[in-house]
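Basis for what follows: all heavy atoms, side chains included, without hydrogens, waters or symmetry-related copies.
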Amino acid sequence: MREVRGGPMTETGSRGRTPDDLLWNWARWCWSGETVGNMARYVSYEDDYRPINTDHALTVQALHEALPHHEQMIIIAEYPQKNVRFGHIETAAGRCAAARRWIAAVTGVALTEPQYKLYLGFFKEMVGRKLL
């Protein structure tokens with residue numbers, strides 16, 4: 001049985017995990033290996049150490065790889081690159097705008113803020129359905 005707190009984006013599984021927890025696990029998995037392309041390594045020394053659940057990370061990776069490039073970059077901007085690339089920006093709206101500019105520069109796809117948030121929400125829901 002699933003508990004829902006505030007809607008599908010904060011849905012928790014039987015072990016109290018949320019899609020956000022699963023995506024941060026994937027981000028830690030991404031940071032644990034070799035970096036590729038324009039992804040800078042980021043290791044947070046402020047977070048408590050949490051072991052990486054590799055099976056969950058690989059499932060998220062497979063879901064991520066199935067997305068179109070501009071949608072992949074939304075997830076990258078929100079998780080593996082959030083702090084290293086956008087951490088200096090104080091507001092969520094500012095980080096979103098910077099991420100959308102980055103995505104447009106790399107892919108040529110100019111996303112509106114509602115589109116960006118919608119694609120992010122869809123992916124979180126997909127991860128939740130698959131792993132929770």
Roughly how far, to the nearest 0.5 Å, is the CG atom of L120 from the SG atom of C96?
-> 9.0 Å
N25 CG to D55 CG distance, which is reported to the nearest 0.5 Å = 10.0 Å
Any idea which heavy atoms bring A99 and A77 closest together, and the distance?
-> CB-CB, 3.8 Å
Would you say L67 and M126 make side-chain contact, with heavy atoms under 4.5 Å?
-> yes
Test of ring centre spacing under 6.0 Å for W24 and Y79 | yes
Taking C-beta and beyond as the side chain, do Y116 and I103 meet within less than 4.5 Å on heavy atoms?
-> yes
Looking only at atom types and distance, does a side-chain atom of Q115 sit under 3.5 Å from a main-chain N or O of T112, one as donor and one as acceptor?
-> yes
Taking the side chain as C-beta and beyond, is there a heavy-atom pair between Q61 and W29 under 4.5 Å?
-> yes
Indicate yes or no: at least one non-hydrogen side-chain atom of I74 is less than 4.5 angstrom from one of F123.
-> no
Between Q81 (side chain) and I76 (backbone), is there a donor-acceptor pair under 3.5 Å?
-> no
Smallest separation among heavy atoms of L132 and P19, with atom names = CD1-CD, 3.6 Å
Flag the pair L22 / N53 as yes when at least one side-chain heavy-atom distance between them is below 4.5 Å, and no otherwise.
-> no
Does the side chain of W31 come within less than 4.5 Å of I52's, by heavy atoms?
-> no
About how many Å separate OH of Y119 and NE2 of H70, when rounded to the nearest 0.5 Å?
-> 4.0 Å
Separation between CZ (R101) and CG (L111), nearest 0.5 Å, reads 13.0 Å
Nearest-0.5 Å distance that lies between atom CD in E125 and atom NZ in K130 | 16.0 Å
Ring centres under 6.0 angstrom apart (H56, W26) | no
Side-chain contact test, heavy atoms from C-beta onward, threshold under 4.5 Å: evaluate it for L23 versus T18 and give yes or no.
-> no
Whether R95 side chain and F86 backbone form a donor-acceptor pair below 3.5 Å = no
Of all heavy-atom pairs linking R100 and E113, the shortest is NE-N, 3.5 Å
